[in-house]
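All chains are named by letter (A, B, ...) in the order of the sequence lines, taking the proteins before the strands, and each is independently numbered beginning at 1.
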There are 2 protein chains.
Amino acid sequence: MGDGKRGRPRAFDREKALQNAMELFWQKGFDNTSLSELTACMGLNPPSLYASFKSKEGLFNEALARYEETEGKGIWEHLEEAATAREAVEQLLHASALNFSRQDKPKGCMIVLSAPQMCGSSSTICEELRLKRKRSMQLLHSRLERAKREGELPEQTDCAGLANLVLTFQHGMSIQARDGTSRQTLVKLAEQFISAWECLIHIR
Amino acid sequence: MGDGKRGRPRAFDREKALQNAMELFWQKGFDNTSLSELTACMGLNPPSLYASFKSKEGLFNEALARYEETEGKGIWEHLEEAATAREAVEQLLHASALNFSRQDKPKGCMIVLSAPQMCGSSSTICEELRLKRKRSMQLLHSRLERAKREGELPEQTDCAGLANLVLTFQHGMSIQARDGTSRQTLVKLAEQFISAWECLIHIR
DNA sequence: CTTAATATGTATTGATCACTACATAAAAGG
DNA sequence: CCTTTTATGTAGTGATCAATACATATTAAG
(Lines give C-alpha, C1' and ligand atoms only; values in the text may rest on other atoms or scores of the structure.)
Protein backbone atom coordinates (compact mmCIF):
# COMPACT_ATOMS: atom_id res chain seq x y z
CA MET A 1 0.00 0.00 0.00
CA GLY A 2 1.08 3.58 -0.60
CA ASP A 3 2.73 5.14 -3.59
CA GLY A 4 6.10 3.63 -2.75
CA LYS A 5 7.60 6.89 -1.43
CA ARG A 6 8.61 6.42 2.13
CA GLY A 7 10.00 9.43 3.92
CA ARG A 8 8.70 12.91 4.53
CA PRO A 9 7.20 14.38 1.37
CA ARG A 10 8.88 17.37 -0.22
CA ALA A 11 7.27 20.64 0.73
CA PHE A 12 7.94 22.53 -2.50
CA ASP A 13 6.93 22.03 -6.13
CA ARG A 14 10.11 20.78 -7.78
CA GLU A 15 9.05 21.80 -11.28
CA LYS A 16 8.04 25.26 -10.20
CA ALA A 17 11.20 25.75 -8.16
CA LEU A 18 13.30 24.63 -11.12
CA GLN A 19 11.45 26.99 -13.42
CA ASN A 20 12.12 29.91 -11.09
CA ALA A 21 15.78 28.97 -10.77
CA MET A 22 16.05 28.71 -14.54
CA GLU A 23 14.64 32.18 -15.07
CA LEU A 24 17.03 33.61 -12.50
CA PHE A 25 20.08 31.95 -14.10
CA TRP A 26 18.79 33.09 -17.50
CA GLN A 27 18.50 36.65 -16.24
CA LYS A 28 21.73 36.95 -14.27
CA GLY A 29 24.05 34.24 -15.56
CA PHE A 30 25.57 31.42 -13.55
CA ASP A 31 28.22 33.25 -11.55
CA ASN A 32 26.15 36.33 -10.81
CA THR A 33 23.31 34.30 -9.34
CA SER A 34 23.86 33.62 -5.65
CA LEU A 35 22.52 30.75 -3.63
CA SER A 36 20.62 33.09 -1.34
CA GLU A 37 18.84 34.55 -4.38
CA LEU A 38 18.13 31.06 -5.64
CA THR A 39 16.72 29.75 -2.36
CA ALA A 40 14.62 32.90 -2.05
CA CYS A 41 13.06 32.65 -5.51
CA MET A 42 12.66 28.88 -5.28
CA GLY A 43 10.94 29.05 -1.89
CA LEU A 44 13.18 26.61 -0.05
CA ASN A 45 16.24 26.41 2.19
CA PRO A 46 19.77 25.42 1.15
CA PRO A 47 19.58 21.82 2.41
CA SER A 48 16.48 21.18 0.32
CA LEU A 49 18.19 22.64 -2.73
CA TYR A 50 21.26 20.45 -2.29
CA ALA A 51 19.18 17.36 -1.57
CA SER A 52 17.18 17.86 -4.75
CA PHE A 53 19.77 19.28 -7.16
CA LYS A 54 23.14 18.18 -5.76
CA SER A 55 24.87 21.57 -6.15
CA LYS A 56 24.57 25.00 -7.73
CA GLU A 57 26.13 23.55 -10.84
CA GLY A 58 23.75 20.59 -10.83
CA LEU A 59 20.83 22.97 -10.50
CA PHE A 60 22.12 25.02 -13.42
CA ASN A 61 22.45 21.93 -15.59
CA GLU A 62 18.87 20.93 -14.89
CA ALA A 63 17.73 24.49 -15.44
CA LEU A 64 19.57 24.63 -18.75
CA ALA A 65 18.00 21.34 -19.87
CA ARG A 66 14.59 22.68 -18.93
CA TYR A 67 15.32 25.88 -20.84
CA GLU A 68 16.08 23.94 -24.01
CA GLU A 69 13.02 21.72 -23.62
CA THR A 70 10.54 24.47 -22.91
CA GLU A 71 11.70 28.04 -23.49
CA GLY A 72 14.12 27.63 -26.36
CA LYS A 73 12.32 24.83 -28.15
CA GLY A 74 10.21 26.98 -30.45
CA ILE A 75 13.27 28.46 -32.13
CA TRP A 76 14.52 25.24 -33.64
CA GLU A 77 11.48 23.02 -34.01
CA HIS A 78 10.63 24.11 -37.57
CA LEU A 79 14.16 23.73 -38.93
CA GLU A 80 13.73 20.38 -40.63
CA GLU A 81 10.05 20.52 -41.48
CA ALA A 82 10.30 23.87 -43.27
CA ALA A 83 9.84 23.41 -47.01
CA THR A 84 12.97 25.35 -47.94
CA ALA A 85 16.22 26.43 -46.31
CA ARG A 86 15.14 30.01 -46.76
CA GLU A 87 11.92 29.39 -44.89
CA ALA A 88 13.81 27.47 -42.24
CA VAL A 89 16.16 30.39 -41.61
CA GLU A 90 13.31 32.87 -41.84
CA GLN A 91 11.38 30.97 -39.20
CA LEU A 92 14.51 30.50 -37.11
CA LEU A 93 15.20 34.22 -36.96
CA HIS A 94 11.56 35.24 -36.66
CA ALA A 95 11.00 32.78 -33.83
CA SER A 96 14.19 34.05 -32.19
CA ALA A 97 12.95 37.64 -32.37
CA LEU A 98 9.70 36.65 -30.68
CA ASN A 99 11.37 34.31 -28.21
CA PHE A 100 13.97 36.87 -27.17
CA SER A 101 11.36 39.49 -26.33
CA ARG A 102 8.59 37.73 -24.43
CA GLN A 103 6.90 39.61 -21.66
CA ASP A 104 7.81 38.58 -18.12
CA LYS A 105 10.74 36.51 -19.44
CA PRO A 106 14.43 37.38 -19.47
CA LYS A 107 15.32 38.83 -22.84
CA GLY A 108 17.66 37.06 -25.24
CA CYS A 109 18.97 33.51 -25.20
CA MET A 110 20.08 31.78 -22.02
CA ILE A 111 22.67 29.71 -23.87
CA VAL A 112 24.34 32.86 -25.17
CA LEU A 113 23.95 35.12 -22.16
CA SER A 114 24.48 33.02 -19.05
CA ALA A 115 28.27 32.69 -19.36
CA PRO A 116 29.42 34.77 -22.30
CA GLN A 117 32.90 35.59 -21.06
CA MET A 118 33.80 31.92 -21.33
CA CYS A 119 35.88 32.05 -18.17
CA GLY A 120 33.40 31.72 -15.35
CA SER A 121 34.02 29.87 -12.11
CA SER A 122 32.80 26.62 -13.66
CA SER A 123 34.72 25.75 -16.80
CA THR A 124 32.42 22.75 -17.17
CA ILE A 125 29.41 24.99 -17.61
CA CYS A 126 31.24 27.34 -19.98
CA GLU A 127 32.24 24.41 -22.15
CA GLU A 128 28.74 22.92 -22.01
CA LEU A 129 27.23 26.19 -23.22
CA ARG A 130 29.83 26.54 -25.94
CA LEU A 131 29.07 23.02 -27.08
CA LYS A 132 25.37 23.78 -27.31
CA ARG A 133 26.09 26.81 -29.46
CA LYS A 134 28.33 24.66 -31.64
CA ARG A 135 25.62 22.02 -31.98
CA SER A 136 23.14 24.64 -33.13
CA MET A 137 25.64 25.63 -35.77
CA GLN A 138 25.97 22.03 -36.94
CA LEU A 139 22.20 21.65 -36.96
CA LEU A 140 21.73 24.62 -39.23
CA HIS A 141 24.72 23.68 -41.35
CA SER A 142 23.34 20.24 -42.11
CA ARG A 143 19.93 21.72 -42.95
CA LEU A 144 21.61 23.98 -45.49
CA GLU A 145 23.60 21.10 -46.94
CA ARG A 146 20.34 19.22 -47.36
CA ALA A 147 18.94 22.20 -49.27
CA LYS A 148 21.97 22.14 -51.52
CA ARG A 149 21.48 18.44 -52.20
CA GLU A 150 17.83 19.11 -52.96
CA GLY A 151 18.80 21.72 -55.49
CA GLU A 152 17.40 24.70 -53.61
CA LEU A 153 20.77 26.23 -52.94
CA PRO A 154 23.34 26.65 -55.70
CA GLU A 155 26.38 24.43 -55.68
CA GLN A 156 28.63 27.39 -54.95
CA THR A 157 26.89 28.23 -51.67
CA ASP A 158 29.19 28.03 -48.65
CA CYS A 159 26.80 26.26 -46.30
CA ALA A 160 29.14 26.27 -43.31
CA GLY A 161 29.84 29.97 -43.82
CA LEU A 162 26.16 30.75 -44.26
CA ALA A 163 25.21 28.85 -41.11
CA ASN A 164 27.92 30.71 -39.27
CA LEU A 165 26.64 34.00 -40.63
CA VAL A 166 23.05 33.34 -39.59
CA LEU A 167 23.94 32.26 -36.07
CA THR A 168 26.40 35.09 -35.59
CA PHE A 169 23.50 37.38 -36.35
CA GLN A 170 21.21 35.45 -34.03
CA HIS A 171 23.75 35.75 -31.21
CA GLY A 172 23.87 39.48 -31.81
CA MET A 173 20.10 39.56 -31.50
CA SER A 174 20.45 38.21 -27.95
CA ILE A 175 22.67 41.16 -27.04
CA GLN A 176 20.24 43.59 -28.64
CA ALA A 177 17.29 42.00 -26.88
CA ARG A 178 19.04 42.19 -23.52
CA ASP A 179 19.87 45.82 -24.26
CA GLY A 180 16.17 46.58 -24.41
CA THR A 181 15.50 46.49 -28.15
CA SER A 182 11.75 46.17 -28.70
CA ARG A 183 10.07 43.09 -30.11
CA GLN A 184 9.04 45.14 -33.13
CA THR A 185 12.63 46.14 -33.85
CA LEU A 186 13.90 42.60 -33.34
CA VAL A 187 11.34 41.25 -35.79
CA LYS A 188 12.32 43.93 -38.28
CA LEU A 189 15.97 42.94 -37.84
CA ALA A 190 15.11 39.34 -38.66
CA GLU A 191 13.09 40.39 -41.69
CA GLN A 192 15.83 42.68 -42.94
CA PHE A 193 18.36 39.91 -42.65
CA ILE A 194 16.28 37.36 -44.49
CA SER A 195 15.52 39.89 -47.21
CA ALA A 196 19.15 39.67 -48.23
CA TRP A 197 18.84 35.90 -48.64
CA GLU A 198 19.23 35.87 -52.41
CA CYS A 199 22.49 37.77 -52.05
CA LEU A 200 23.74 35.61 -49.19
CA ILE A 201 23.30 32.25 -50.89
CA HIS A 202 25.42 33.28 -53.87
CA ILE A 203 28.44 33.97 -51.74
CA ARG A 204 31.09 31.35 -52.12
CA MET B 1 62.81 72.69 -5.62
CA GLY B 2 61.60 69.65 -7.55
CA ASP B 3 58.89 68.70 -9.98
CA GLY B 4 56.14 69.84 -7.66
CA LYS B 5 55.30 66.35 -6.37
CA ARG B 6 55.79 66.19 -2.67
CA GLY B 7 55.17 62.82 -1.04
CA ARG B 8 56.59 59.38 -1.60
CA PRO B 9 56.64 58.47 -5.27
CA ARG B 10 54.46 55.64 -6.48
CA ALA B 11 56.27 52.37 -6.84
CA PHE B 12 54.31 50.98 -9.81
CA ASP B 13 53.80 52.08 -13.40
CA ARG B 14 50.26 53.44 -13.40
CA GLU B 15 49.79 53.07 -17.14
CA LYS B 16 51.05 49.52 -17.17
CA ALA B 17 48.98 48.58 -14.13
CA LEU B 18 45.89 50.08 -15.76
CA GLN B 19 46.61 48.19 -18.99
CA ASN B 20 46.83 44.91 -17.09
CA ALA B 21 43.63 45.65 -15.18
CA MET B 22 41.89 46.52 -18.44
CA GLU B 23 42.85 43.24 -20.06
CA LEU B 24 41.65 41.32 -17.02
CA PHE B 25 38.27 43.10 -16.96
CA TRP B 26 38.06 42.59 -20.72
CA GLN B 27 38.70 38.87 -20.31
CA LYS B 28 36.52 38.15 -17.29
CA GLY B 29 33.96 40.93 -17.07
CA PHE B 30 33.47 43.32 -14.17
CA ASP B 31 31.80 41.09 -11.62
CA ASN B 32 33.88 38.01 -12.29
CA THR B 33 37.14 39.87 -11.78
CA SER B 34 38.15 39.90 -8.12
CA LEU B 35 40.27 42.45 -6.35
CA SER B 36 42.86 39.83 -5.45
CA GLU B 37 43.22 38.97 -9.14
CA LEU B 38 43.49 42.64 -9.98
CA THR B 39 46.12 43.46 -7.38
CA ALA B 40 48.08 40.38 -8.45
CA CYS B 41 48.13 41.26 -12.15
CA MET B 42 48.70 44.96 -11.49
CA GLY B 43 51.61 44.31 -9.15
CA LEU B 44 50.38 46.31 -6.17
CA ASN B 45 48.48 46.03 -2.90
CA PRO B 46 44.87 47.02 -2.27
CA PRO B 47 45.66 50.37 -0.59
CA SER B 48 47.68 51.47 -3.61
CA LEU B 49 44.85 50.47 -5.93
CA TYR B 50 42.28 52.42 -3.92
CA ALA B 51 44.56 55.43 -3.58
CA SER B 52 45.10 55.54 -7.35
CA PHE B 53 41.73 54.45 -8.72
CA LYS B 54 39.25 55.19 -5.92
CA SER B 55 37.41 51.85 -6.14
CA LYS B 56 36.96 48.74 -8.26
CA GLU B 57 34.30 50.61 -10.18
CA GLY B 58 36.58 53.61 -10.64
CA LEU B 59 39.31 51.32 -11.92
CA PHE B 60 36.89 49.74 -14.37
CA ASN B 61 35.82 53.13 -15.67
CA GLU B 62 39.42 54.14 -16.32
CA ALA B 63 40.13 50.75 -17.87
CA LEU B 64 37.11 51.11 -20.13
CA ALA B 65 38.20 54.58 -21.22
CA ARG B 66 41.66 53.24 -21.97
CA TYR B 67 40.11 50.37 -23.93
CA GLU B 68 38.22 52.78 -26.14
CA GLU B 69 41.24 55.02 -26.66
CA THR B 70 43.69 52.27 -27.47
CA GLU B 71 42.29 48.80 -28.13
CA GLY B 72 38.93 49.60 -29.66
CA LYS B 73 39.94 52.72 -31.53
CA GLY B 74 40.89 51.05 -34.82
CA ILE B 75 37.38 49.76 -35.35
CA TRP B 76 35.73 53.14 -35.65
CA GLU B 77 38.41 55.50 -36.85
CA HIS B 78 37.75 55.07 -40.57
CA LEU B 79 33.99 55.52 -40.33
CA GLU B 80 33.81 59.13 -41.48
CA GLU B 81 36.82 59.25 -43.76
CA ALA B 82 35.77 56.24 -45.81
CA ALA B 83 34.71 57.33 -49.29
CA THR B 84 31.40 55.46 -49.19
CA ALA B 85 29.06 54.01 -46.60
CA ARG B 86 29.74 50.60 -48.04
CA GLU B 87 33.46 51.02 -47.54
CA ALA B 88 32.83 52.41 -44.07
CA VAL B 89 30.85 49.34 -43.05
CA GLU B 90 33.28 47.03 -44.81
CA GLN B 91 36.17 48.53 -42.89
CA LEU B 92 34.17 48.53 -39.67
CA LEU B 93 33.47 44.82 -39.89
CA HIS B 94 36.88 43.89 -41.24
CA ALA B 95 38.63 45.87 -38.52
CA SER B 96 36.32 44.23 -35.97
CA ALA B 97 37.25 40.78 -37.22
CA LEU B 98 40.94 41.58 -36.83
CA ASN B 99 40.49 43.42 -33.55
CA PHE B 100 38.42 40.63 -32.00
CA SER B 101 41.08 38.00 -32.74
CA ARG B 102 44.44 39.53 -31.84
CA GLN B 103 47.02 37.27 -30.33
CA ASP B 104 47.65 37.68 -26.59
CA LYS B 105 44.52 39.83 -26.28
CA PRO B 106 41.09 38.85 -24.96
CA LYS B 107 38.87 37.92 -27.89
CA GLY B 108 35.83 39.99 -28.82
CA CYS B 109 34.77 43.45 -27.67
CA MET B 110 35.09 44.57 -24.06
CA ILE B 111 32.04 46.83 -24.36
CA VAL B 112 29.89 43.89 -25.39
CA LEU B 113 31.37 41.17 -23.20
CA SER B 114 32.22 42.71 -19.85
CA ALA B 115 28.64 42.96 -18.55
CA PRO B 116 26.30 41.38 -21.09
CA GLN B 117 23.58 40.23 -18.70
CA MET B 118 22.78 43.85 -17.95
CA CYS B 119 22.15 43.10 -14.30
CA GLY B 120 25.57 43.05 -12.70
CA SER B 121 26.37 44.32 -9.23
CA SER B 122 26.98 47.82 -10.59
CA SER B 123 23.99 49.12 -12.49
CA THR B 124 26.05 52.23 -13.25
CA ILE B 125 28.56 50.19 -15.22
CA CYS B 126 25.85 48.20 -17.01
CA GLU B 127 24.16 51.40 -18.08
CA GLU B 128 27.46 52.98 -19.10
CA LEU B 129 28.25 50.02 -21.35
CA ARG B 130 24.76 50.03 -22.82
CA LEU B 131 25.13 53.72 -23.56
CA LYS B 132 28.41 53.14 -25.38
CA ARG B 133 26.78 50.49 -27.52
CA LYS B 134 23.93 52.89 -28.23
CA ARG B 135 26.37 55.64 -29.19
CA SER B 136 28.08 53.34 -31.65
CA MET B 137 24.70 52.71 -33.19
CA GLN B 138 24.04 56.43 -33.52
CA LEU B 139 27.50 56.97 -35.00
CA LEU B 140 26.91 54.41 -37.73
CA HIS B 141 23.36 55.58 -38.27
CA SER B 142 24.44 59.15 -38.94
CA ARG B 143 27.16 57.95 -41.31
CA LEU B 144 24.52 56.09 -43.30
CA GLU B 145 22.22 59.10 -43.31
CA ARG B 146 25.11 61.13 -44.69
CA ALA B 147 25.52 58.58 -47.47
CA LYS B 148 21.84 58.90 -48.28
CA ARG B 149 22.14 62.68 -48.48
CA GLU B 150 25.16 62.29 -50.74
CA GLY B 151 23.16 60.09 -53.06
CA GLU B 152 25.09 56.89 -52.41
CA LEU B 153 22.21 55.15 -50.71
CA PRO B 154 18.74 55.11 -52.24
CA GLU B 155 16.04 57.20 -50.64
CA GLN B 156 14.18 54.06 -49.56
CA THR B 157 17.06 52.76 -47.44
CA ASP B 158 16.18 52.39 -43.77
CA CYS B 159 19.38 53.81 -42.31
CA ALA B 160 18.44 53.20 -38.69
CA GLY B 161 17.46 49.65 -39.48
CA LEU B 162 20.61 49.06 -41.49
CA ALA B 163 22.83 50.44 -38.72
CA ASN B 164 21.01 48.21 -36.28
CA LEU B 165 21.53 45.24 -38.57
CA VAL B 166 25.26 45.84 -38.96
CA LEU B 167 25.89 46.30 -35.25
CA THR B 168 23.75 43.33 -34.30
CA PHE B 169 26.02 41.30 -36.54
CA GLN B 170 29.11 42.90 -35.04
CA HIS B 171 27.90 42.05 -31.53
CA GLY B 172 27.41 38.47 -32.64
CA MET B 173 30.99 38.49 -33.90
CA SER B 174 32.15 39.20 -30.33
CA ILE B 175 30.39 36.07 -29.11
CA GLN B 176 31.88 34.04 -31.93
CA ALA B 177 35.35 35.41 -31.27
CA ARG B 178 35.08 34.60 -27.58
CA ASP B 179 33.88 31.12 -28.51
CA GLY B 180 37.19 30.52 -30.26
CA THR B 181 36.31 31.26 -33.87
CA SER B 182 39.54 31.80 -35.83
CA ARG B 183 40.60 35.13 -37.26
CA GLN B 184 40.27 33.65 -40.72
CA THR B 185 36.65 32.65 -40.09
CA LEU B 186 35.82 36.01 -38.54
CA VAL B 187 37.23 37.84 -41.54
CA LYS B 188 35.23 35.59 -43.83
CA LEU B 189 32.10 36.34 -41.82
CA ALA B 190 32.70 40.07 -42.31
CA GLU B 191 33.29 39.60 -46.03
CA GLN B 192 30.20 37.45 -46.42
CA PHE B 193 28.08 40.04 -44.68
CA ILE B 194 29.35 42.94 -46.76
CA SER B 195 28.86 40.91 -49.94
CA ALA B 196 25.14 41.17 -49.37
CA TRP B 197 25.38 44.96 -49.22
CA GLU B 198 23.50 45.61 -52.45
CA CYS B 199 20.60 43.57 -51.13
CA LEU B 200 20.69 45.18 -47.71
CA ILE B 201 20.50 48.79 -48.86
CA HIS B 202 17.35 48.19 -50.87
CA ILE B 203 15.39 47.06 -47.87
CA ARG B 204 12.88 49.63 -46.72
C1' DC C 1 66.87 69.22 11.07
C1' DT C 2 61.20 69.44 11.18
C1' DT C 3 56.92 69.38 8.87
C1' DA C 4 53.74 68.19 5.28
C1' DA C 5 52.36 65.18 1.75
C1' DT C 6 51.89 60.99 -0.49
C1' DA C 7 52.61 55.92 -1.06
C1' DT C 8 53.55 51.62 0.93
C1' DG C 9 52.90 46.75 3.20
C1' DT C 10 50.59 44.11 6.76
C1' DA C 11 46.77 42.79 8.66
C1' DT C 12 42.00 43.05 9.07
C1' DT C 13 37.11 44.63 8.54
C1' DG C 14 32.09 43.00 8.04
C1' DA C 15 29.55 40.99 4.25
C1' DT C 16 28.60 37.47 1.38
C1' DC C 17 29.99 33.32 -1.04
C1' DA C 18 28.79 28.09 -1.85
C1' DC C 19 27.90 24.58 1.08
C1' DT C 20 26.80 21.45 5.29
C1' DA C 21 26.26 19.45 10.29
C1' DC C 22 22.70 18.40 12.94
C1' DA C 23 18.54 17.74 15.22
C1' DT C 24 13.78 17.37 14.07
C1' DA C 25 9.52 16.48 11.39
C1' DA C 26 6.65 13.68 8.55
C1' DA C 27 5.66 10.03 5.87
C1' DA C 28 5.46 4.37 4.99
C1' DG C 29 6.56 -0.47 6.45
C1' DG C 30 6.46 -3.80 9.88
C1' DC D 1 3.93 1.07 18.92
C1' DC D 2 9.02 1.15 16.56
C1' DT D 3 12.12 1.48 12.66
C1' DT D 4 13.39 3.28 8.33
C1' DT D 5 13.44 6.78 5.02
C1' DT D 6 13.31 11.20 3.29
C1' DA D 7 12.81 16.24 3.85
C1' DT D 8 12.99 20.11 6.71
C1' DG D 9 14.68 24.54 9.35
C1' DT D 10 18.29 26.50 12.10
C1' DA D 11 22.57 27.72 12.40
C1' DG D 12 26.50 27.39 11.20
C1' DT D 13 31.34 26.11 8.23
C1' DG D 14 35.76 28.09 6.05
C1' DA D 15 36.67 30.81 1.95
C1' DT D 16 36.57 34.81 -0.48
C1' DC D 17 34.47 39.23 -1.49
C1' DA D 18 35.40 44.58 -1.82
C1' DA D 19 37.32 47.81 0.96
C1' DT D 20 40.30 49.94 5.08
C1' DA D 21 42.88 51.03 9.58
C1' DC D 22 47.18 51.87 10.70
C1' DA D 23 51.91 52.29 11.21
C1' DT D 24 55.83 53.02 8.33
C1' DA D 25 58.53 54.65 4.39
C1' DT D 26 59.93 58.09 1.09
C1' DT D 27 59.84 62.29 -1.05
C1' DA D 28 59.78 67.90 -1.12
C1' DA D 29 59.27 72.22 1.30
C1' DG D 30 60.73 75.28 4.80
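- For residues 35-68 of chain A, the set of pairs meeting the disulfide bond (SG atoms under 2.5 Å apart) definition, not counting sequence neighbours, is empty.
- Between the CZ atom of B/F12 and the P atom of D/dT26 there is a distance of 17 Å, rounded to whole Å.
- For residues 8-39 of chain A, the pairs satisfying ring-ring contact (aromatic ring centres under 6.0 Å, His included) are A/F25-A/F30, A/F25-A/F60, A/W26-A/Y67, A/F30-A/F60, with sequence neighbours left out.
- The side chain to side chain donor-acceptor pair (under 3.5 Å) test applied to A/T157 returns no partner, not counting sequence neighbours.
- Contacts between residues 20-54 of chain A and DNA chain D, counted as heavy-atom distances below 4.0 Å, involve A/N45, A/P47, A/S48.
- Here B/S121 pairs with B/D31 under the side chain to side chain donor-acceptor pair (under 3.5 Å) rule; sequence neighbours left out.
- Note on residues 125-149 of chain A: no pairs pass ring-ring contact (aromatic ring centres under 6.0 Å, His included), not counting sequence neighbours.
- The NZ-P distance, from A/K5 to D/dA7, rounds to 9 Å in whole Å.
- Among residue pairs with one or both ends in residues 174-204 of chain B, those qualifying as ring-ring contact (aromatic ring centres under 6.0 Å, His included) are B/F169-B/F193; sequence neighbours excluded.
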Close N or O pairs between protein and nucleotides 1-6 of chain D (under 3.5 Å):
from: D/dT4; atom 1: O4'; to: A/R6; atom 2: NH2; distance (Å): 3.4
from: D/dT4; atom 1: O2; to: A/R6; atom 2: NH2; distance (Å): 3.0
from: D/dT6; atom 1: O2; to: A/R8; atom 2: N; distance (Å): 3.1

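- Using modelled atom types, one finds a donor on one side chain and an acceptor on the other under 3.5 Å when comparing A/E23 with A/Q19.
- Here A/C199 pairs with B/C199 under the disulfide (SG to SG under 2.5 Å) rule; sequence neighbours left out.
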Please list, for nucleotides 13-15 of chain C, all pairs of protein and nucleotide N/O atoms separated by less than 3.5 Å.
none

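- Applying the side chain to side chain donor-acceptor pair (under 3.5 Å) rule to pairs touching residues 107-118 of chain B yields nothing, sequence neighbours excluded.
- For A/E77, the salt bridge (charged side-chain N to carboxylate O under 4.0 Å, His left out) test picks out no residue, with sequence neighbours left out.
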